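Everything numeric here is computed off the predicted structure, so don't read it as measured data. Just so we're on the same page: letters track the sequence lines, and every chain starts at 1.
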Amino acid sequence: GAVVSQHPSRVICKSGTSVKIECRSLDFQATTMFWYRQFPKQSLMLMATSNEGSKATYEQGVEKDKFLINHASLTLSTLTVTSAHPEDSSFYICSAFRQGVRNTIYFGEGSWLTVV
Amino acid sequence: SQKIEQNSEALNIQEGKTATLTCNYTNYSPAYLQWYRQDPGRGPVFLLLIRENEKEKRKERLKVTFDTTLKQSLFHITASQPADSATYLCALEVVGSTLGRLYFGRGTQLTVWP
């Protein structure tokens, strides 16, 4: 079964509104989670690295005031797209890093955002 | 500039044949190279990881090779089946980068026809 859960899987919102996407690690604690965006037939592009208890690290060109990331607990990171526009419509995917004897990366199922 | 290139956008092969996908990278120092499967509208699913000091890894019908001199990885699916049809992504974990941070190629869409 899934070890990283992403919710919602699909969301449609109106232009100018905000939408929140959650990423949960189900049976492990993840000090680091990652948020990617994927446009059709394109590669996954990292948007930001989410660290529990501290500010997210954003990749160059990603507006931190527009894409708010909160990693309030060791099992939950949220991405809020603020004042969404149609060009923000995309597939958003999170991953969680599980540190241990065998470091492992788990991906969520992704969230389709459509801004109308 | 840094690049991860996967040989072709699409590959079509007949059931039973071996599919070979290529991943080339430029200006990266990988610690690990990983291959993922992605189905339409879904998140990537991990398949295999190979370390920079390993030459080959196998798992059931899958085989990965890694040549750090050529800066290339080959991903093979033997005895391919229609259920293997998906997009396959190559990803690098880079030396000195945040643990768990991946750099992805664009993917190769594999279609296996009966």
S.K.: Do B:Tyr28 and B:Leu33 land in one hydrophobic cluster if side-chain heavy atoms of ILVMFWY residues count as linked below 4.5 Å?
M.R.: yes
S.K.: Hey, which of A:Arg10, A:Met45, A:Glu59 has the most heavy atom pairs under 4.5 Å with chain B?
M.R.: A:Glu59
S.K.: A side-chain contact here means heavy atoms from C-beta on lying under 4.5 Å apart; do A:Lys41 and B:Thr87 qualify?
M.R.: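 SC-SC contact between A:Lys41 and B:Thr87 ruled out.
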S.K.: Roughly how far, to the nearest 0.5 Å, is CZ of B:Arg42 from CZ of A:Phe91?
M.R.: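 Answer for the CZ-CZ pair, A:Phe91 versus B:Arg42, is 8.5 Å.
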S.K.: Give the intermediate values and the outcome of side chain to side chain contact (heavy atoms under 4.5 Å, CB included) for residues A:Leu44 and B:Gln38.
M.R.: CA-CA 11 Å; A:Leu44 278 76; B:Gln38 187 177 26; 4.2 Å; yes
S.K.: Quick check: is A:Val11 connected to A:Phe67 through a chain of hydrophobic side chains (ILVMFWY, heavy atoms under 4.5 Å apart)?
M.R.: yes
S.K.: State whether the number of non-hydrogen atoms from other residues, nucleotides or ligands found under 6.0 Å of A:Lys66 atom NZ is greater than 12.
M.R.: yes
S.K.: Measure distances from B:Glu9 to the heavy atoms of chain A and classify the residue's part below 4.5 Å as side chain, backbone, both or neither.
M.R.: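 Just its side chain gets close to chain A.
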S.K.: Between A:Thr57, A:Leu46, A:Ile93, who has the most heavy-atom pairs with chain B when the cutoff is under 4.5 Å?
M.R.: A:Leu46
S.K.: Between A:Tyr36, A:Tyr106, A:Trp112, who has the most heavy-atom pairs with chain B when the cutoff is under 4.5 Å?
M.R.: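 Going by pairs under 4.5 Å, I would pick A:Tyr36.
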S.K.: In terms of hydrophobic clusters joined by side-chain contacts under 4.5 Å, are B:Leu89 and B:Leu62 together?
M.R.: no
S.K.: Between B:Tyr36 and chain A, which part of the residue has a heavy atom less than 4.5 Å away: side chain, backbone, both or neither?
M.R.: side chain
S.K.: Hey, which residues of residues 47-58 of chain B are touching chain A, say heavy atoms under 4.5 Å apart?
M.R.: none
S.K.: Would you mind reporting whether A:Asn103 and B:Glu93 have side-chain heavy atoms less than 4.5 Å apart?
M.R.: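 Heavy-atom side-chain distance check fails, nothing below 4.5 Å.
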S.K.: Are B:Ile4 and B:Tyr88 grouped together when hydrophobic residues (ILVMFWY) are joined by side-chain heavy atoms under 4.5 angstrom apart?
M.R.: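 B:Ile4 clusters together with B:Tyr88.
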S.K.: Counting only heavy atoms not in B:Gln14, do more than 12 sit closer than 6.0 Å to its CD atom?
M.R.: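 Counting other residues, nucleotides and ligands, CD of B:Gln14 exceeds 12 neighbours.
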S.K.: Using non-hydrogen atoms and a limit below 4.5 Å, what part of residues 96-114 of chain B faces chain A?
M.R.: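 The list, in residue order, reads B:Thr98, B:Leu99, B:Gly100, B:Arg101, B:Leu102, B:Phe104, B:Gly105, B:Arg106, B:Gln109.
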S.K.: Going only through I, L, V, M, F, W and Y residues with side-chain contacts under 4.5 Å, is there a path from A:Leu68 to A:Val62?
M.R.: no
S.K.: Using non-hydrogen atoms and a 4.5 Å limit, figure out which bit of A:Gln6 sits close to chain B: side chain, backbone, both or neither.
M.R.: neither
